[in-house]
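First the structure, in the form of structure tokens, and then the observations on it.
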Amino acid sequence: MSDERDLVFDTLERMSSDIFIDRDVLRPDYVPEVLPHREGEIKRLTEVLAPILRRERPSNIFIYGLTGTGKTAVVRYVLRRFEDYARRKRLSHIAVAYLNCRHEDTTYRVLTELARSLGERLPFTGLSTAEVFKRFKEALDATGKSLIAVLDEIDFLVKKRGDELLYRLTRVNSELSKGKVSLIGITNDVRFMEVLDPRVKSSLGEIEIVFSPYDADQLRDILRERAVKAFKNGVLEEGVIDYCASIAAREHGDARRALDLLRVAGEIAEREGRRTVSVEDVRRAREEIERDMIVDVSKTLPFHGKLVLLVVALAGGRFDSTGDLYIKYRELAKGLGVEPVTQRRVSDIISELDMLGIVTTKIINRGRYGKTREVILNAEPNALIKAFKDDPRISWIFGNSRYR
DNA sequence: CGTCCACAGGAATGACGGGCGG
DNA sequence: CCGCCCGTCATTCCTGTGGACG
């Protein structure tokens with residue numbers, strides 16, 4: 001989580017471990033030297049960016065792929081190589097900015113970060129955004145640099161602030177005499193492009209690169225590659241990597257998930273003072289991760305969101321129609337002495353749960369008997385119910401035998 | 001082959017609270 | 001510090017829709 005952990009503490013911890021050599025290798029923000037099964041994407045990205053070496057402006061790039069398909073890793077990897085290459089060849093006109101819009105989610109912050117990558121120093125607050133934009137342009141023109149600006153999780157920025165900034169950034173080249181800007185937008189939201197202004201859409205989507213999910217074999221290669229660096233020799237028992245790979249493959253080929261499983265399994269074994277990691281540890285890691293995820297999600301969910309989720313869990317994790325769900329939801333709300341929200345709102349809540357990945361919905365047409373959504377929980381109902389017992393506004397209802 | 005079910009989900013609107021610029 | 005704006009949660013009203021049934 002935090003990038004500035006205590007070096008001494010960290011080192012001691014690492015040295016005293018019987019399991020890990022370097023657990024950070026398994027963390028999501030680690031960029032490995034080898035990215036198995038992404039050779040095509042790396043090549044494509046390199047080709048598109050290559051003109052920058054001839055001082056030409058590379059096309060804007062839009063990258064789409066589900067979580068854990070290596071989008072960020074590939075981009076960071078390629079950019080790092082470009083920077084190395086530029087340094088070696090003494091090409092000083094190349095500048096790179098990487099920012100994650102989940103964190104940099106205001107116009108001001110994005111612009112100051114971009115300006116900073118050009119060596120411009122700006123206060124973190126105090127200037128108008130127009131002023132920051134002006135200085136950013138001046139810095140570009142003054143240095144004559146070609147900037148590659150990576151906007152990771154770009155959908156967050158657009159959802160919060162709209163596509164105004166993107167529009168201006170895609171147009172900025174025509175206002176510049178010397179500097180150049182190329183954008184790389186990364187997202188895992190399929191519908192992201194649809195919400196964009198058509199002008200931004202065509203400009204950002206000059207080049208599109210789609211990352212497809214990994215299959216189990218590919219995940220296994222990735223895990224093996226990292227495990228060598230992360231774990232001491234012989235720590236992983238037979239089948240551990242295969243099991244992690246197969247779980248993650250089933251859950252839409254998410255490599256981050258696979259690596260998380262492996263790391264948490266290692267931490268469980270370590271915590272218990274064992275010297276090897278077993279398949280059982282992976283199973284427990286999966287439960288632990290799921291529990292954490294549910295707790296995290298339920299913390300951010302609106303109150304009635306929690307209730308809807310609880311209703312699904314109490315029903316064993318599945319509803320064949322949203323109508324049934326709503327009836328049960330009303331009962332629960334009334335049982336709690338809470339005024340239920342409307343069916344329309346519950347419909348949106350279900351969509352939100354779907355987007356968060358905690359529930360999967362599927363539109364079902366039953367002809368004469370109407371159209372509805374089937375709702376399936378992506379988690380162990382009991383784990384979820386347990387998590388909700390901590391919420392004081394809900395927990396007391398479990399005293400009622402009906403809900404036990 | 002048209003109807004009509006049981007919802008999906010868009011649009012407009014409002015209450016409320018927090019943050020930000022002046 | 002105040003007023004304004006914006007995001008979030010929610011309501012009301014609404015139009016759209018795939019296919020089993022008659």
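So that the names make sense, note that chain A is the first sequence line, chain B the second, and so on, each numbered from 1.
Summarising the geometry, the separation between CG on A/Asp354 and C1' on B/dG9 is reported as 14 Å, rounded to the nearest angstrom. Rounded to a whole Å, the CD1 atom of A/Ile364 is 20 Å from the P atom of B/dC5. One atom, NE2 of A/His304, and another, P of C/dC9, lie 11 Å apart when rounded to the nearest Å. One atom, CD of A/Glu339, and another, P of B/dA15, lie 17 Å apart when rounded to the nearest Å. Atom CG of A/Asn365 is separated from atom P of B/dT3 by 19 Å (rounded to the nearest Å). Rounded to a whole Å, the CG atom of A/Asp348 is 15 Å from the C1' atom of C/dG7. Nucleotide C/dC13 holds its C1' atom 17 Å from the CZ atom of A/Arg345, rounded to whole Å. B/dG9 atom P lies 15 Å from atom NZ of A/Lys362, rounded to whole Å.
Taking every side-chain heavy atom of A/Ser351 into account, B/dG9 is the closest of B/dG9, C/dA10, B/dC7. Out of B/dC7, C/dC21, C/dA10, the shortest distance to the side chain of A/Thr322 is found at B/dC7. Distance from the side chain of A/Ser347 is smallest to B/dA8 among B/dA8, C/dC9, B/dC7. Residue A/Arg368 places its side chain closer to C/dA20 than to any other of C/dA20, C/dG19, C/dT12.
The environment of CZ in A/Arg283 is crowded: more than 12 heavy-atom neighbours from other residues, nucleotides or ligands sit within 6.0 Å.
The two residues A/Arg274 and A/Ile19 have their closest heavy-atom pair at O-CD1, 3.4 Å.
Of the residues near DNA chain B, A/Asp324 and A/Arg344, the one whose nearest nucleotide (by heavy atom distance) lies more toward the 5' end is A/Asp324.
Within the 6.0 Å centre-distance limit, the rings of A/Tyr326 and A/Tyr329 are counted as a close aromatic pair. The ring of A/Phe211 has its center no closer than 6.0 angstrom to the ring center of A/Tyr64.
Donor-acceptor pairing under 3.5 Å is lacking for the side chains of A/Ser278 and A/Glu237.
In this structure, A/Arg373 reaches the sugar-phosphate backbone alone: every heavy-atom distance under 4.0 Å involves primed, P, OP1 or OP2 atoms, never a base.
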